[in-house]
Amino acid sequence: MARLTDADLPDHQLLHSFNAHRKWIGWEEWFDLVGAGSVQAPPNMVLNDYQLVMQGALSGEGIALGWNFSAQLLLRNKRLVKPLDVSVRTGGAFFLVANQRRAEQENLDILVAWLLSQTRL
C-alpha cells in the first residue's frame, strides 16, 4: 500500500476532537503546521474526548491526530499505523503537580523519573 500524503488526507474520514474546556490541535491547524496550507477538513465526526478519538481510530472509524506519548505503544504494537511520516510540535505541555507532603515521598520520585525518561525535553 502506498503511503499517504497530506494532500490525500481530506479524502479520508478524519476524526475530530472538540472540548470547550481544552485547546487541542485540530486538523486545519495541523495542515498549516505541516506546510500544506489552508486545507479544509470539515468536521463530520467530532468526539469530545481524546480517548474516544483514539478508540475511533482503533475501531477503524477514521484517521486521528495522536499525541506521541500516548500513541507510541499502540504504534509499536501495530494496533495503529502512522499514515504519514511527520510530527508537529504544538507548544502544549503536560504538568505534574503534587502537594509538598506527596512531593517528599520516594515513590513520587520514581514516577517523575519514569515520566521524564519517556519524554523528550
Side-chain angles (χ1 to χ4, degrees):
M1 182 173 125
R3 287 287 272 194
L4 294 175
T5 68
D6 53 13
D8 297 321
L9 288 179
D11 297 331
H12 293 272
Q13 174 76 10
L14 303 180
L15 303 177
H16 295 258
S17 178
F18 174 77
N19 183 316
H21 305 290
R22 294 187 175 101
K23 169 65 174 105
W24 289 318
I25 184 174
W27 280 105
E28 287 83 8
E29 185 179 359
W30 183 87
F31 280 115
D32 190 47
L33 289 170
V34 299
S38 109
V39 174
Q40 298 299 311
N44 51 0
M45 183 176 281
V46 181
L47 301 156
N48 67 350
D49 183 83
Y50 172 74
Q51 294 304 323
L52 292 174
V53 171
M54 295 307 289
Q55 188 61 48
L58 284 165
S59 299
E61 295 296 328
I63 300 173
L65 292 172
W67 302 330
N68 285 332
F69 183 74
S70 60
Q72 64 184 326
L73 186 60
L74 296 168
L75 292 167
R76 192 175 324 135
N77 290 333
K78 298 186 182 352
R79 300 275 323 273
L80 291 176
V81 296
K82 192 173 176 182
L84 298 172
D85 191 26
V86 63
S87 295
V88 298
R89 288 193 176 268
T90 64
F94 288 97
F95 299 91
L96 180 63
V97 296
N99 67 31
Q100 185 63 36
R101 187 180 55 168
R102 293 280 185 202
E104 294 170 355
Q105 293 181 347
E106 182 178 328
N107 290 344
L108 186 60
D109 290 341
I110 294 168
L111 174 63
V112 170
W114 178 81
L115 281 171
L116 291 175
S117 75
Q118 300 298 306
T119 61
R120 289 184 229 152
L121 299 176

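The model shown is predicted, which means the values in this text are computed figures rather than measured ones.
Among all heavy-atom pairs drawn from Lys82 and Leu75, the shortest one is N-CD2, 3.7 Å. Here the shortest heavy-atom pairing between Ala57 and Leu15 reads N-CD1, 3.4 Å. Listed here is the closest heavy atom pair of Trp67 and Tyr50: N-OH, 2.9 Å.
Ser117 meets the side-chain hydrogen bond (donor to acceptor under 3.5 Å, both in side chains) test with no other residue; sequence neighbours excluded. Annotation: side chain to side chain contact (heavy atoms under 4.5 Å, CB included) contacts of Leu74 (sequence neighbours excluded): Met54, Leu58, Arg79, Leu80. Residues that satisfy the side chain to side chain contact (heavy atoms under 4.5 Å, CB included) test with Asp49, not counting sequence neighbours, are Gln51, Leu52. Residues that satisfy the side-chain hydrogen bond (donor to acceptor under 3.5 Å, both in side chains) test with Glu61, not counting sequence neighbours, are absent from this structure. Remark: Glu28 pairs with no residue by the salt bridge (Lys or Arg N to Asp or Glu O under 4.0 Å) rule, at least two apart or across chains. The side chain to side chain contact (heavy atoms under 4.5 Å, CB included) search around Leu65 returns Ile25, Trp27, Trp30, not counting sequence neighbours.
Put simply, CG on Leu115 and CD1 on Ile110 are 12.0 Å apart, with the number rounded to the nearest 0.5 Å. We find the CG-CD distance between Asn77 and Gln72 to be 10.5 Å, quoted to the nearest 0.5 Å.
Leu33 and Leu14 fall within a single hydrophobic cluster, where Ile, Leu, Val, Met, Phe, Trp and Tyr side chains are chained together by heavy-atom contacts under 4.5 Å.
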